[in-house]
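Below you'll find the structure, written out as C-alpha cells, and then a few comments.
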Amino acid sequence: MKILDFGELYYRQANCFVSNIIADRSPVVRVNGIDENAGFSVVYTALGSRFDVSQVAGEAFGFNEYYASDIDSVEGMPVAEAMRYARGQAIKEGKVPEEYRDIVDKIKKNENIYGHAAWQHVGKKDAKTLYLPGPASQLDKSQVDSFSKISDGNFYATTEFNDCGFMQMQLVLEEELEATKGRLAKVIENYETVVTDDQYVYDALKCIFPKEHKFMFIDRYLVSLGLKATLESVALHESSVLNRLYPLDKQNIQDIFTGTEIRLPERSSWDVTDSGIAGGLGFFNESSWNNMANRRLQTLKELGAGETVAFCSAEAFGLNRGGEEVKTILEIIAK
Amino acid sequence: MDSKNTEILVLGGGLAGFVAAKTAKDQGKDVILAAKSGGISEICPGAFDILGMVPGENKKIVVKIQDGIKNLKTVKPDHPYARSNSLNVAIEKLIDLAKDGGYKVSGDGNKNVFLPNIYGTFTTAAYVPSFLNAGVLRIEKKEKRNVLVIGVKGHQEFNCAHAARSYEYVGKRHNISDDTYYSVDITLPSFKNRTRVSSAEFAEFVDTKKGLMELVQTVKENVSPKLGLDLILFAPVLGFYKTDEIVETLEKATGVKVAEVASAGSSVVGFRLSRALRRGLEAHDIPFLYGYEAKAIRNVEEKVEVDFVAGATDYCHPGQQVTVVADKVVLAIGGFLGGGLSRGQKVVKVDLLGLDLGSITEADVNYNVFDSVGQPYLNMGLTVNENMEPQNIGLRNIFACGDIVAGFDGIYERSSAGVAAVTAYDAALSASR
Amino acid sequence: MENYDVVVIGGGTTGTAVMRDLVLRGFTKSVLLERDDLAAGTSGGCHSALHGGSRYVVSDIQTAKECLHENIIYKKIVPQVVDPTDALWVARTDEHMEYAKQWMHNADEIGLPYEVVDVKETLEDEPLLAKDIQFAIRTIDTGFDPFRLCIAQAYDAKSKGATIKTHTEVIGLLFDDEDEKKVTGVKALNRLTNEIYDISCKLVINATGAWGSQVTEMAGFKIPVKPNKGTMGVYAMRPTKALIGILRYPGDGDGLVSQGYQNTSLLGTSSVDIEDPDTQKPGLDEVEIMENSVAEIIPELRNARFIRFCSGVRPLYSETSETGRAVSRRMILLDHEQRDGYRGLITITGGKYATARLMAEETVDLASEKLVGKVIPCTSADELILGAITHEEAEELAKKISSKYHIPLYTAHKLAARYGSVAATIVQDFPEHVAVVDDSVQIIGSEVLYAIREEEVGNILDIRRRIRTGMGQDQGVFSTYKVSILAKEFAGQSVETCFEKTIEYTQERWKGMYYALQYAQQLQTATLLQKMNVGFGNLDCLDIG
C-alpha cells in the first residue's frame with residue numbers, strides 16, 4: 001500500500017516560505033522548546049537538500065501530530081507527511097535514533113507498542129458490530145466491558161490488529177502495512193459496523209479502506225444508538241483527528257452529553273491540538289511525554305469541571321500516564 | 001457527498017471574509033463562512049491600518065487619514081476608497097466582531113498612530129489592539145517618557161538593546177518622541193540554559209499559571225524604581241489567550257504601564273486576532289467551516305454551487321467532499337499572500353475561477369525594492385463593478401472583496417485592513433440585496 | 001608607499017588561488033586587491049558546479065582532463081565547500097544514447113571514474129526523474145559553494161601571511177620612470193574611504209577574468225577577452241539529490257546543480273556574448289528555454305518554485321572570431337613581456353572554476369621564475385586548506401557541538417560540514433549567539449560574528465557571501481533584520497548604518513526576485529518581503545507628515 005508520493009510532497013513543500021512559523025503550530029515545539037528540537041523548520045531545510053534527511057531523524061520521530069500546521073499555515077503544507085517521509089528515510093538508511101529502535105521493530109511486527117493486553121478477544125464472532133479498541137485501551141479490559149454494556153453484548157472485539165497499521169503508516173512501512181491491510185480486510189468484511197474509540201485507529205482504517213463506509217468513531221456510534229448522559233459539567237479534550245482530518249464526521253457533543261455544561265480548554269474546536277503524545281511516538285521520549293501531558297492536563301483541570309473527558313482512548317492514556325483523571329466518553333456513557 | 005444550503009456563502013478566513021459574513025448576517029441573511037485557513041491574518045500584526053501613504057507622494061506617512069484619502073482619490077480615481085462611503089461603518093463591523101471574540105481594539109480612525117515594533121522602527125496604524133495601546137506614539141503629542149524595553153534571552157525575533165537605541169533615533173527623526181529608552185534581556189527560571197526561545201513557546205508558557213508567576217517575578221526584579229519608568233515595552237510574546245490579563249498583572253506588579261512591541265510574521269500575535277474573529281462569529285451563530293478549501297465554483301440556474309475539500313490533505317488523506325449551494329457567494333479569497341492569486345508559468349492566476357490575469361511585465365515591478373509608487377503588480381486582481389461583482393469571469397451572483405480585488409496596493413498604501421473591511425462590507429450588502 | 005613583491009588584482013577564485021599558491025611558495029609579501037568583495041564577480045555568479053570533467057568529456061577533452069584532476073584535488077584539500085553528493089547523467093533518447101557511448105569511450109580514455117547505474121534503482125532514489133529514462137551514469141561532479149571556496153583560499157593565504165584588501169580598486173598602473181614598458185606598481189582606490197594611494201611591487205598578476213582587458217588597457221593594449229553571460233534560475237529546493245545532467249552535447253539547460261550543502265538548486269546556464277561585463281542581467285527567455293529543456297528529464301519541474309534569477313559572466317578568451325559556446329573554456333596565461341613587450345605584468349584568464357588551482361599553479365610557476373629566476377615547487381595540491389576535515393570527522397564534530405551548545409543536530413551538521421574544524425572555533429568564540437538566525441539556511445548567530453571578526457566584511461552583502469544569509473527560501477524576509485542587528489551590535493555601529501545596510505541588502509535580494517517575478521514566480525515571498533519591510537516596518541520611509 002502506497003503511503004506517500006514524493007513528487008506530490010516535494011512540489012508542495014517547495015512552496016513553503018515560513019518553516020519556523022509552521023513549527024510554532026506544533027504543540028511539541030511549543031512545549032518542549034525550539035533550541036534542540038526545532039521540529040519542522042529543520043526537517044524542511046533537510047527535505048530541501050534531500051541527501052541528509054536522516055540528520056533530522058530525531059525531530060521526525062519526536063513529532064507526529066502536525067495537522068494544526070497543515071491548515072493554519074498560509075501555504076497549507078502537509079507537515080505530517082513530511083515527517084513521515086523523514087522517518088521513512090531514517091529507517092531505510094538505518095539511522096533511527098536510539099530511543100526509537102525497539103519501537104520501530106515492534107511496529108514492523110504490528111505488536112502493541114504500549115504493552116501487552118490482558119485479553120485477546122471478547123464477544124461473538126458473528127455479531128453485527130466489530131469493536132477495535134485502541135491499542136492503549138487494550139491494556140486493561142474495562143474498556144471492553146464498557147463497550148459490552150453499551151452494545152448489549154452484540155459485538156465482537158479483538159486486540160489482534162493493535163493500532164490497525166497507524167504506526168506502520170507513520171513509519172512508511174509499506175510492505176508491513178500491506179500485510180496488515182490484508183488481514184484486516186478479511187475480518188472487516190464480516191461486520192456491518194466497525195467501531196473504534198481510538199482516533200488513530202479510525203484514521204488508519206479510513207486511509208487503508210478509503211471507500212469503506214462502515215467505520216464509526218465512538219462518538220458517532222453513541223449518537224447512532226441514542227445513548228446519552230447528563231452530567232453537571234464536563235471538561236472536554238477533543239479529537240484533533242476529527243477536527244482536522246475528518247470534520248464532517250464530527251458529532252455534536254451536546255447530543256451525547258445532553259443538558260451538560262461542556263467546558264472546553266482555550267485550545268479547542270478549530271484551535272484544537274492534540275497533546276501530541278498519543279500519536280504514539282511521543283511516548284518514547286519520557287521527558288517530552290511528561291511535559292506535554294502535564295501542560296494539557298493542567299489546562300483541563302483548571303476548567304474545574306466535574307469530569308475530565310477525552311474522545312480518544314489513546315489520548316486519555318497519554319494524559320493519564322497511569323493515573324485515572326481523564327475518562328473516555330465510552331467509560332462515562334457506559335456508567 | 002455532503003451538501004449544505006445557505007443564502008450567502010462567504011469564502012475566505014481573512015479580515016474581508018469575516019466582515020462580509022458579519023455584514024450579511026446583520027442584513028438578516030443565512031450565512032456560512034468557509035475558509036481553507038486564516039490566510040495572512042494568521043501572521044499579521046493585529047492592528048488595523050486605513051491609509052499610511054499615497055503612492056507617488058514623497059514617501060511621507062499620512063498624518064490625517066481623511067486628507068490622505070482625498071489625495072489618494074485624485075491619484076487613483078478607481079481605488080476602492082474612491083468608490084465607497086462605507087469605510088467607517090465597515091471598520092466598525094470588524095472591530096465589533098473582534099470585540100465579541102474577546103479582542104479589544106481602539107482608535108478613532110482620524111489620525112495615524114505609531115507603534116514601536118520588532119525592527120526598532122514604528123508601524124503605522126489607525127486602530128490598535130489593547131496589548132499595543134500603551135506603546136502608541138502620536139504625531140500631535142510628543143512624548144517624553146522613560147521607557148524600559150524588555151526582551152527575552154534567546155528570542156531571536158526581537159533584540160531589545162537594538163530596539164531601545166533605535167526607538168530613540170527614529171522617534172527623534174520622526175519628531176514624535178523625546179523618550180528615553182532603557183533595555184534589558186530577561187530569562188525566566190524555566191528557560192535557563194536555553195539558547196533559543198521561540199515566540200510561540202514563550203507565549204504558551206506565560207499563558208499558564210506557573211509561567212505568569214515566573215514572568216511577574218522576573219520582570220519585578222528588573223524594574224528599578226530609580227529609573228522612574230513611565231512605560232514598559234515587552235517582546236511580542238505575552239501569551240496566546242491571556243494577553244490582556246498578563247499585561248494587567250504586569251502593570252499591577254510594577255506600577256508601570258505595559259505594552260507589547262508590534263510584531264508581524266509571528267504565529268503568536270496573528271493567532272490572537274484570527275482566533276478572536278472566529279469566536280466572534282460563533283457568538284453571532286454564523287457557521288464557520290474551517291479547513292474547507294473551495295475547489296470549484298459554478299452557476300446552477302440562479303444559484304451558485306461550490307465544491308469543497310474539507311480537512312487537511314496529504315497523500316493518505318484526500319480530504320472530505322462537501323458542496324455548498326448558495327444564492328450568492330462572496331469571494332474573500334485573498335491576493336498573493338492569502339492564496340487567491342497564484343503563480344503559473346509566466347501568468348498570474350485565480351485558481352478557483354480558472355482565470356488567467358495575464359503576465360507581470362517590467363512595468364509592473366519596480367527595480368527599487370522600496371519605490372515611491374509602490375509595486376504596481378500588487379494592484380492586480382479581479383476588476384469589480386459598482387456592486388462588487390467581478391467582471392468577465394463568466395459567473396453570476398458572485399461578489400468579491402479584500403485582496404483579490406484589483407486597484408489598490410494595500411502594502412505600500414498601508415491600507416490592507418481598511419480596504420478589506422470596506423470592500424467586504426459593500427460586497428456583502430450587494431449580495432444581501 | 002606600500003611595497004609588496006606581488007600585487008594580485010582580482011578577488012575571484014583565480015586571484016585567491018594565485019594568492020594561496022604564492023604564499024605556499026614563500027612569497028608572503030603579496031597583496032590581493034579586489035574592487036568589490038571576494039567572489040563578487042564571476043566566481044560568485046558561477047553556477048555552483050565543481051566540474052569533474054564529465055560535461056566536457058566529449059566536447060573538450062583537454063578541459064575535461066584538467067577538471068578531473070582538479071576536482072579530485074579540491075575534494076581532498078577543501079572538502080568543506082564541496083557537496084558530498086555526486087553527479088547523475090541520464091539519457092532518454094536514442095540521440096542521448098549515441099552521445100553516451102562517445103562519452104564513455106572518452107571517459108575511459110582519460111580515466112574519468114564513472115559507474116553505469118541501474119535505472120530502476122536510480123528512479124527509486126530520485127523519484128522526480130522522468131520514468132522513461134533509459135540509461136544513467138554516476139560520476140564525480142558535484143555542487144559546491146563558490147563563495148566559500150574563494151573565501152577559504154583567501155583566508156588560507158591570509159592565515160599564512162598574505163594581505164587581502166577588498167573594496168580596493170586598481171585605477172591605474174605605475175611604470176618605471178626610465179622604462180615606460182616596465183610596470184612597477186598600481187594606483188589603488190579604497191572604495192570605502194575614497195582614498196587613493198600607490199602600491200609598488202615587482203610583479204602585477206592580472207586575475208580579473210572578464211574584466212581583464214580593462215587592466216591591460218591601463219598599460220595601453222587590449223587582450224581579446226570576450227565576456228560571455230550565463231543566466232541562471234535558483235529553485236527553492238533540490239529536485240534531485242545529486243547534480244543532474246542530460247547526456248548530450250553541451251547546450252542551454254543541460255541540468256540542475258545542487259548547491260553545496262544547500263537546500264536550493266540551480267538551473268543553468270545559457271551562453272550569450274555581451275559587451276560590458278558590468279551591465280549583464282538575466283534573460284527571461286533564456287530561463288524558459290532552459291526550464292523546458294530540463295523538464296525533459298524532470299517532468300514536473302515547472303511546479304518547483306524559482307526563488308530568483310541571476311547571471312554571471314565568463315571570461316572567454318579567443319584570438320579568433322569564434323563566439324559563445326564555440327570558444328574554448330581553457331585557461332590562458334599571458335606573459336605580457338613576451339606578448340606585448342611589457343615587463344612586470346602577467347594575465348591569467350579563461351578556464352573553469354574547477355581549474356583555478358591549476359591556473360594558479362602555472363601562473364605562480366611563471367611568477368616564480370620572474371621573481372627569483374627559478375620555479376619553486378608547487379604544494380597547493382597537497383596542503384590542506386584551513387578547516388579541512390573528513391566528512392566523518394565533521395559528523396563527530398557536529399554531534400559534539402549539538403549536545404554542548406544545545407542546537408539542533410541538523411544545524412550543527414551543516415555548520416561542521418561547511419566550515420570543517422573552524423566550526424569548533426566559531427561556536428567556542430561566540431557561545432552566546434549559537435541560536436539559529438536564518439531558518440531556511442540554518443545559519444547561527446555565531447557565524448555572523450565570526451565572519452565579521454575574521455573575514456573582513458563591509459556590509460550584509462559581504463556577510464552573505466561568507467555564510468549565505470538570506471539565500472534560502474524566504475530570501476531573508478525573516479532573517480535580514482536579525483543579521484543586520486547582530487552585526488550592528490557587534491561592530492558598535494549606529495542605528496542609521498544598520499538600517500542602511502538592511503535596506504541595501506534587501507535591495508540586493510529584490511534584484512533577483514525582480515526577474516523571477518516577471519516569470520510569475522516567487523510572488524508570495526516577494527509580497528511578503530514588501531509586507532514586512534514596507535507595510536509593517538516602514539523601512540522605506542523614515543519621515544512623517
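The chains referred to below are lettered A, B, ... by the order of the sequence lines, with proteins before strands, and numbering in each begins at 1.
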Quiz item: So which residues of residues 158-165 of chain B are in contact with chain C at a heavy-atom cut-off of under 4.5 Å?
Solution: B:Asn159, B:Ala161, B:His162, B:Arg165
Practice problem: Give, as side chain, backbone, both or neither, the part of B:Ser415 having an atom under 4.5 angstrom from any heavy atom of chain C. | Solution: neither
Quiz item: Of the backbone (N, CA, C, O) and the side chain (C-beta and beyond), which part of C:Tyr519 lies under 4.5 Å from a heavy atom of chain B, both, or neither?
Solution: both
Self-check item: Part of C:Val477 lying under 4.5 Å from any heavy atom of chain B
Solution: backbone
Quiz prompt | Check: C:Asp439 main-chain N/O paired with C:Gln442 side-chain donor or acceptor under 3.5 Å | solution = yes
Quiz item: Would you say the side chains of B:Ser342 and B:Asp351 form a donor-acceptor pair under 3.5 Å?
Solution: yes
Exercise. Sort B:Glu168 into side chain, backbone, both or neither according to what part of it lies under 4.5 angstrom from a heavy atom of chain C.
Key: neither
Self-check item: Partners passing side chain to side chain donor-acceptor pair (under 3.5 Å) against C:Ser265 (at least two apart in sequence or in another chain)
Solution: none
Quiz item: With only heavy atoms counted, which part of C:Tyr405 is less than 4.5 Å from chain B, the side chain, the backbone, both or neither?
Solution: backbone
Self-check item: Region of B:Leu378 that comes under 4.5 Å of a non-hydrogen atom in chain C
Solution: side chain
Quiz item: What part of C:Leu529 is in contact with chain B, defined as an atom under 4.5 angstrom from a non-hydrogen atom: side chain, backbone, both or neither?
Solution: side chain
Quiz item: With chain B, which of C:Thr527, C:Ile407, C:Leu528 has the greatest number of heavy-atom pairs at distances under 4.5 Å?
Solution: C:Thr527
Practice problem: Determine whether the side chains of B:Lys142 and B:Asn175 contain a donor N or O and an acceptor N or O closer than 3.5 Å. | Solution: yes
Quiz item: Would you call B:Glu143 and B:Arg138 a salt bridge, using N to O less than 4.0 angstrom?
Solution: no
Practice problem: Count the heavy-atom pairs under 4.5 Å between each of C:Glu432, C:His433, C:Lys488 and chain B, then report the option with the highest count. | Solution: C:Lys488
Quiz item: With a 4.5 angstrom heavy-atom cut-off, which part of B:Ile43 approaches chain C: side chain, backbone, both or neither?
Solution: side chain
Quiz item: Do you know which of B:Gly339, B:Ser263, B:Gly335, B:Gly154 has the most heavy-atom pairs with chain C at a distance under 4.5 angstrom?
Solution: B:Ser263
Quiz item: Side chains of C:Asp438 and C:Ser440: donor-acceptor distance under 3.5 Å anywhere?
Solution: yes
Exercise. Examine C:His413 together with C:Tyr410 and report whether their ring centres are nearer than 6.0 Å.
Key: yes
Quiz item: Would B:Lys346 and C:Glu291 pass as an ion pair if we require N to O under 4.0 Å?
Solution: no
Quiz item: Considering only heavy atoms, which portion of C:Lys531 lies under 4.5 Å from any heavy atom of chain B: side chain, backbone, both, or neither?
Solution: both
Quiz item: Of all residues at least two apart in sequence or in a different chain, which pass the side chain to side chain donor-acceptor pair (under 3.5 Å) check with B:Ser41?
Solution: none
Exercise. Pick one of side chain, backbone, both or neither for C:Glu489, based on which atoms fall under 4.5 Å of a heavy atom in chain B.
Key: side chain
Self-check item: Proximal to chain C - members of residues 359-369 of chain B, heavy-atom separation under 4.5 Å
Solution: B:Ile360, B:Thr361, B:Glu362, B:Val365, B:Asn366, B:Tyr367, B:Asn368, B:Val369
Quiz item: What part of B:Gln156 lies closer than 4.5 angstrom to a heavy atom of chain C: side chain, backbone, both or neither?
Solution: both
Self-check item: Contact origin within C:Val434 toward chain B - heavy atom pairs under 4.5 Å
Solution: side chain
Exercise. Indicate whether any N or O donor in one side chain lies under 3.5 Å from an N or O acceptor in the other, for B:Tyr412 and B:Ser372.
Key: no
Quiz item: Contact part of B:Lys153 toward chain C, heavy-atom cut-off under 4.5 Å: side chain, backbone, both or neither?
Solution: side chain
Exercise. Examine C:Tyr419 together with C:Tyr450 and report whether their ring centres are nearer than 6.0 Å.
Key: no
Quiz item: Is the shortest side-chain N to carboxylate O distance from B:Arg194 to B:Glu201 below 4.0 Å?
Solution: yes
Quiz item: Is it true that C:Asp429 and C:Arg453 make a salt bridge, defined as a side-chain N closer than 4.0 Å to a carboxylate O?
Solution: yes
Quiz item: Based on non-hydrogen pairs under 4.5 Å, which of B:Leu341, B:Thr124, B:Leu115 is most in contact with chain C?
Solution: B:Thr124
Quiz item: In terms of side-chain heavy atoms, does B:Thr123 have a donor or acceptor partner in B:Arg414 at a distance below 3.5 Å?
Solution: no
Quiz item: Which residue out of C:Met513, C:Gln530, C:His406 racks up the most heavy-atom pairs below 4.5 Å with chain B?
Solution: C:Gln530
Exercise. Just do the salt bridge (Lys or Arg N to Asp or Glu O under 4.0 Å) check on C:Lys511 and C:Glu508 with the steps written out, would you?
Key: CA-CA 5 Å; C:Lys511 194 178 88 185; C:Glu508 148 68 26; 3.5 Å; yes
Quiz item: Between C:Phe536 and B:Tyr119, is the gap from one ring center to the other below 6.0 Å?
Solution: yes
Quiz prompt | Proximal component of C:Arg305, with respect to chain B [non-hydrogen, under 4.5 Å] | solution = both
Quiz item: chain C heavy atoms under 4.5 Å from B:Ile118: which part of the residue, side chain, backbone, both or neither?
Solution: both
Quiz item: Do C:Gln522 and C:Arg308 have a side chain donor and acceptor closer than 3.5 Å?
Solution: no
Exercise. Decide whether C:Gln475 and C:Thr525 meet the rule of one side-chain donor and one side-chain acceptor closer than 3.5 Å.
Key: no
Quiz item: Do B:Phe336 and B:Tyr377 make the cut of ring centroids closer than 6.0 angstrom?
Solution: yes
